[in-house]
Enquirer: 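The structure follows.
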Amino acid sequence: MTTFPVAKIRVDFPILAEKIRGKDLVYLDNAASCQKPNAVIDAISNVYRHEYANIHRGVHTLSVRATDKFEAAREKVQRFINAASSKEIIFVRGATEAVNLIAQTYGRANIKAGDEIVITAMEHHSNIVPWQMLCEQTGAVLKVAPMNTQGELIYDAFEALLNDKTKLVAVVHMSNALGTINPVKKMIDAAHAKGIPVMLDGAQAIPHMAVDVQALDCDFYVFSGHKLYGPSGIGVLYGKQALLEAMPPYQGGGDMIKTVTFEKSQYAGLPHKFEAGTPSIADVIGLGAAIDYLHDIGMEAIAAYEAELLDYATEKASQIKGLRIIGEAAEKGAILSFVLDRIHPHDIGTMLDSLGIAIRAGHHCAMPVMDFYGVPATARASFAMYNTKEEIDVLMAGITNLIEVFG
Ligand code: PMP
């Protein structure tokens with residue numbers, strides 16, 4: 001066991017002290033959304049108490065203060081993912097909005113009838129539906145790289161899909177339904193060798209590992225703040241500067257223009273060209289606070305600790321008769337999806353809730369993954385840096401008890 005300071009971290013998350021149905025909360029629904037440390041809660045509260053005004057347009061002190069904090073958060077994101085410039089960091093509502101933005105700007109400008117977009121069999125709906133919409137609008141074709149029963153991408157089949165017609169690869173970095181971590185560097189290199197840009201859906205990967213967009217050389221990287229211990233309603237689109245500069249804007253409105261006349265408007269430069277309207281000011285600053293908090297702990301330390309948690313949970317789960325783990329990739333993040341014989345995942349979720357344990361039951365916005373495994377839904381325990389082996393023991397005892405009573 002590493003000396004990861006989990007006890008100290010837990011104190012920073014006030015909600016972890018909640019009692020649920022009279023029991024200590026065991027929060028294992030982190031892949032859906034993470035809880036927030038005091039650093040984030042206080043940062044947001046501090047904005048509204050001392051720093052709040054609309055940004056970018058004011059000369060008064062509060063507006064300057066809010067603008068400085070907002071732009072400082074952009075630089076924190078830039079450093080966190082090692083982007084070359086803060087101009088490459090676009091604030092959006094979340095990963096979903098970022099994918100839609102790319103589809104409707106880059107996609108509409110560059111993808112035509114007969115062109116192909118390659119995704120994988122393990123995508124979240126938010127990296128399927130926007131491309132289907134683009135295909136309907138343009139006549140492009142969506143191609144799906146298959147996976148094996150462990151939930152791993154069949155790499156050769158992926159590479160075989162790349163051809164002259166492929167105009168974009170859009171791939172999940174880490175699957176929310178299975179935990180699979182894709183070999184994204186290899187995929188990016190293969191796509192680039194054929195001149196194809198690559199977008200990574202980093203919604204799940206970002207809280208679990210150090211991400212370096214320059215080392216990966218991805219063209220776009222998208223994620224949501226709420227899965228990174230930050231606020232909901234805020235997310236990030238990273239794009240290489242040259243690509244973003246060549247893309248048309250997404251939405252029109254205030255803040256994204258240089259000049260407006262009734263005849264013609266001139267757009268602002270990056271990053272503001274893609275940030276029409278008043279943004280979620282306090283939440284951007286809150287995301288910056290989350291990044292500072294994570295930086296102090298260190299993403300490598302978090303990844304190592306969570307790997308221990310996943311190994312422990314997998315081993316314990318494997319010992320439970322009647323439990324089937326869904327998703328057994330060799331490269332896997334801290335997610336344990338499972339089904340039980342004769343007990344529906346929704347019943348598992350409800351019964352664990354009565355013990356104070358929060359897991360998710362459902363299709364996890366990945367219906368094609370459920371179809372692949374022939375299950376309507378799975379139960380999913382997803383771990384964060386504040387979870388402990390003791391909590392995993394509570395989960396496993398709850399599951400064992402369930403099987404004894406209902407299985
Ligand atoms: N991609 C993946 C892999 C996800 O897990 C999620 C959230 N469940 C999303 C995209 C969408 O994120 P959001 O709902 O925050 O936009």
Side-chain angles (χ1 to χ4, degrees), residues 27-36 40 77 81 90-104 117 119-133 144-145 147 151-153 169-182 184 187 198-209 211 218 220-238 250 279-280 283-284 286-287 290 306 326-327 329 331-337 358-370 372 377-384:
Y27 187 78
L28 301 175
D29 193 18
N30 296 289
S33 205
C34 276
Q35 300 299 348
K36 321 301 171 200
V40 170
V77 175
I81 61 170
I90 313 293
F91 287 121
V92 289
R93 279 193 300 131
T96 303
E97 187 174 50
V99 180
N100 280 279
L101 187 159
I102 298 166
Q104 291 302 314
I117 301 158
I119 61 171
T120 76
M122 67 186 90
E123 300 304 327
H124 186 280
H125 295 164
S126 64
N127 197 32
I128 302 173
V129 183
W131 304 117
Q132 287 173 330
M133 290 164 72
V144 182
M147 62 179 171
E152 291 166 327
L153 180 78
V169 168
V171 169
V172 71
H173 191 173
M174 172 176 153
S175 154
N176 67 309
L178 303 168
T180 308
I181 297 172
N182 277 312
V184 288
M187 296 167 83
V198 179
M199 183 213 95
L200 295 183
D201 170 0
Q204 290 298 331
I206 198 82
H208 298 299
M209 62 187 83
V211 170
C218 54
F220 299 106
Y221 197 95
V222 308
F223 63 92
S224 300
H226 68 97
K227 298 190 204 258
L228 190 65
Y229 308 95
S232 55
I234 187 71
V236 171
L237 159 64
Y238 158 81
Y250 183 42
S280 208
D283 296 317
V284 165
L287 177 61
E306 289 180 349
I326 304 287
E331 291 295 322
K332 197 176 158 182
I335 283 178
L336 188 78
S337 248
I359 62 147
R360 184 143 298 238
H363 53 62
H364 317 297
C365 294
M367 282 184 173
V369 174
M370 302 299 117
F372 177 80
T378 73
R380 182 187 69 187
S382 50
F383 309 106

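Note that ligands are numbered from 1 as they come in the structure, with each ligand's atoms numbered from 1 the same way. Residue numbers run from 1 in the order of the sequence given.
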Enquirer: Of the options L28, I359, D29, which is the one that meets R380 in a side-chain contact (heavy atoms from CB on, under 4.5 Å)?
Expert: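 Of the listed residues L28, I359, D29, the side-chain contact (heavy atoms from CB on, under 4.5 Å) partner of R380 is D29.
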Enquirer: Within this structure, what is the NE2-SG distance for the pair H226 and C34, rounded to the nearest 0.5 Å?
Expert: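 With rounding to 0.5 Å, NE2 (H226) is 9.0 Å from SG (C34).
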Enquirer: Side chain of T120, backbone of M122: donor and acceptor closer than 3.5 Å?
Expert: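 Looks like yes, one N/O pair under 3.5 Å.
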Enquirer: Which protein N or O atoms sit under 3.5 Å from any N or O of ligand 1? Give atom names and distances.
Expert:
{"residue": "ligand 1", "atom": "1 (N)", "partner": "D201", "partner atom": "OD1", "Å": "3.2"}
{"residue": "ligand 1", "atom": "1 (N)", "partner": "D201", "partner atom": "OD2", "Å": "2.5"}
{"residue": "ligand 1", "atom": "5 (O)", "partner": "Q204", "partner atom": "NE2", "Å": "2.7"}
{"residue": "ligand 1", "atom": "8 (N)", "partner": "H124", "partner atom": "NE2", "Å": "3.2"}
{"residue": "ligand 1", "atom": "8 (N)", "partner": "K227", "partner atom": "NZ", "Å": "2.6"}
{"residue": "ligand 1", "atom": "15 (O)", "partner": "S224", "partner atom": "OG", "Å": "2.6"}
{"residue": "ligand 1", "atom": "15 (O)", "partner": "H226", "partner atom": "NE2", "Å": "2.7"}
{"residue": "ligand 1", "atom": "16 (O)", "partner": "A95", "partner atom": "N", "Å": "3.4"}
{"residue": "ligand 1", "atom": "16 (O)", "partner": "T96", "partner atom": "N", "Å": "2.9"}
{"residue": "ligand 1", "atom": "16 (O)", "partner": "T96", "partner atom": "OG1", "Å": "2.5"}

Enquirer: Going from CG on D201 to CZ on F223, what distance comes out if it is rounded to the nearest 0.5 angstrom?
Expert: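 Between atom CG of D201 and atom CZ of F223 there are 11.5 Å.
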Enquirer: Apply salt bridge (Lys or Arg N to Asp or Glu O under 4.0 Å) to E97 and list each qualifying residue two or more places apart in sequence or on a separate chain.
Expert: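 Once residues adjacent in sequence are excluded, the partners of E97 under the salt bridge (Lys or Arg N to Asp or Glu O under 4.0 Å) criterion are R93.
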Enquirer: Could you tell me how the ring of H125 sits relative to the ring of H363: parallel (under 30°), tilted (30 to 60°) or perpendicular (over 60°)?
Expert: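 Aromatic pair H125/H363 classed tilted.
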